[in-house]
Amino acid sequence: MMSLIHWLSAERRLEACERTIIALGGSRYSDHNVPSQLAAQRDMIKFEVEYYKEQSVIFLVVIASIGIISSIVYVFLTKTGVL
């Protein structure tokens, strides 16, 4: 769950960083007029977004699997008359 929150937060920070770079005269593809520290920070945030995105996908797959398995067990138990 926390990875999903971190992923959304990193996406927002990346957008803000890109807006700052554009305001300083750079673009999303060129870093000629931008301080190198700001460009490096943007690159690190991109890596962070990728990492948390992968972690969130794993979390969502696990939650979906648990939901599907519990639904199957519930249907099976109701069909057999246990519940």
Side-chain angles (χ1 to χ4, degrees):
M1 179 71 173
M2 289 303 292
S3 59
L4 185 62
I5 294 170
H6 287 301
W7 177 35
L8 296 173
S9 173
E11 285 282 343
R12 287 189 202 131
R13 283 187 285 120
L14 181 61
E15 290 173 9
C17 187
E18 287 180 348
R19 281 194 310 260
T20 303
I21 288 174
I22 290 171
L24 290 174
S27 69
R28 293 183 180 197
Y29 310 106
S30 173
D31 297 332
H32 296 297
N33 299 332
V34 178
S36 59
Q37 185 175 5
L38 191 59
Q41 181 180 7
R42 182 195 55 205
D43 293 341
M44 288 302 295
I45 294 172
K46 283 182 182 179
F47 289 133
E48 191 177 349
V49 167
E50 290 176 19
Y51 172 77
Y52 285 125
K53 184 176 182 180
E54 291 172 2
Q55 294 299 313
S56 297
V57 168
I58 291 170
F59 172 74
L60 293 175
V61 166
V62 168
I63 294 297
S65 300
I66 290 171
I68 290 171
I69 290 171
S70 21
S71 298
I72 291 171
V73 168
Y74 176 76
V75 168
F76 177 74
L77 292 177
T78 53
K79 294 278 184 183
T80 57
V82 175
L83 291 177

Enquirer: Determine, using the 4.5 Å side-chain heavy-atom cutoff (strictly less than), whether Trp7 and Phe59 are members of one ILVMFWY cluster.
Expert: no
Enquirer: Establish whether Val73 and Leu83 are linked, either directly or via other cluster members, by ILVMFWY side-chain heavy-atom contacts under 4.5 Å.
Expert: yes
Enquirer: Side-chain contact, heavy-atom cut-off 4.5 Å: Leu24 with Pro35?
Expert: yes
Enquirer: Under a single-linkage definition using a 4.5 Å side-chain heavy-atom cutoff for Ile, Leu, Val, Met, Phe, Trp and Tyr, are Val49 and Ile21 assigned to the same hydrophobic cluster?
Expert: no
Enquirer: Could you walk me through whether Lys46 and Glu18 satisfy the side chain to side chain contact (heavy atoms under 4.5 Å, CB included) test, starting with their C-alpha distance in whole Å, then the side-chain angles of each, then the deciding distance to 0.1 Å, before giving a yes or no?
Expert: CA-CA 11 Å; Lys46 283 182 182 179; Glu18 287 180 348; 4.1 Å; yes
Enquirer: Would you say Leu38 and Gln41 make side-chain contact, with heavy atoms under 4.5 Å?
Expert: yes
Enquirer: Give the C-alpha distance, both sets of side-chain angles, the deciding distance and a yes or no for side chain to side chain contact (heavy atoms under 4.5 Å, CB included) between His6 and Gln55.
Expert: CA-CA 10 Å; His6 287 301; Gln55 294 299 313; over 6 Å; no
Enquirer: To the nearest 0.5 Å, how far apart are CG in Asp43 and CG in Leu14?
Expert: 9.5 Å
Enquirer: Could you give the distance from OH (Tyr52) to CD (Glu11), rounded to the nearest 0.5 Å?
Expert: 13.0 Å
Enquirer: Are Tyr74 and Val82 co-members of a hydrophobic cluster defined by side-chain heavy atoms under 4.5 Å apart?
Expert: yes
Enquirer: With a 4.5 Å cut-off on side-chain heavy-atom distances among I, L, V, M, F, W and Y, is there a chain of contacts connecting Ile5 to Leu60?
Expert: no
Enquirer: For residues Ile45 and Cys17, report the shortest heavy-atom separation together with the two atoms involved.
Expert: CD1-CB, 4.3 Å
